[in-house]
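As structure tokens, the structure follows; a few thoughts come after it.
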Amino acid sequence: MIIDAKAIVLTLVVVCVGFFAGLRMVRSFALSIAQENHDANQAIDQAEEEKRLKQERHADVAAASAFAKVEPLLTVPKATPGESAAAAADASKVSAEV
């Protein structure tokens with residue numbers, strides 16, 4: 001076989017075209033893997049977000065239930081001006097007994 005400039009150029013062109021085609025295939029494969037990975041990450045994030053929201057709703061319901069049980073103890077009846085003197089006298093009796 002004779003090695004001349006024509007054979008070298010032709011070989012370089014064939015190698016470059018093969019290299020370019022190979023890189024395109026590898027790039028396409030890497031892109032498909034990245035897209036699948038992105039979709040999987042989004043699904044995981046969505047599942048975690050739904051779990052967090054469910055726990056938050058459950059905590060809100062538990063807090064509302066606890067507050068509903070305690071709320072009657074927190075309400076103070078409004079005193080009228082006549083009752084305030086009697087209440088003050090009762091309070092002073094209780095503090096004197098202690």
Side-chain angles (χ1 to χ4, degrees):
M1 172 171 198
I2 301 173
I3 300 175
D4 58 351
K6 183 179 175 183
I8 292 173
V9 170
L10 184 61
T11 303
L12 287 176
V13 168
V14 170
V15 168
C16 287
V17 168
F19 185 70
F20 182 73
L23 282 179
R24 286 182 58 104
M25 287 189 329
V26 168
R27 190 170 168 229
S28 172
F29 181 68
L31 178 64
S32 68
I33 289 174
Q35 287 173 337
E36 288 175 8
N37 189 27
H38 178 70
D39 292 341
N41 285 338
Q42 279 187 328
I44 290 169
D45 291 344
Q46 183 66 27
E48 288 175 355
E49 181 69 15
E50 288 174 4
K51 183 179 177 183
R52 185 189 66 78
L53 290 175
K54 182 179 177 182
Q55 287 176 343
E56 188 176 317
R57 282 192 305 270
H58 181 56
D60 288 343
V61 168
S65 173
F67 184 72
K69 291 178 184 176
V70 175
E71 187 177 18
L73 301 173
L74 298 176
T75 56
V76 178
K78 295 193 178 205
T80 59
E83 292 177 357
S84 61
D90 290 338
S92 65
K93 283 185 199 177
V94 170
S95 63
E97 291 176 3
V98 176

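Just so you know, these numbers come straight off a predicted model, no measurement behind them.
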Applying salt bridge (charged side-chain N to carboxylate O under 4.0 Å, His left out), which residue pairs with at least one partner in residues 21-50 are found, sequence neighbours left out? Glu49-Arg52
When rounded to the nearest 0.5 angstrom, what distance separates CD in Gln42 from CG in Asn37? 10.5 Å
Cluster check Ile3, Leu12: I/L/V/M/F/W/Y, side chain < 4.5 angstrom: yes
In the single-linkage hydrophobic clustering (I, L, V, M, F, W, Y; side-chain heavy atoms under 4.5 Å), do Val15 and Leu23 co-cluster? no
Distance from Ile33 atom CD1 to Ser28 atom OG, nearest 0.5 Å? 10.0 Å
CG of Leu53 to CZ of Arg57: how many Å apart, nearest 0.5 Å? 6.0 Å
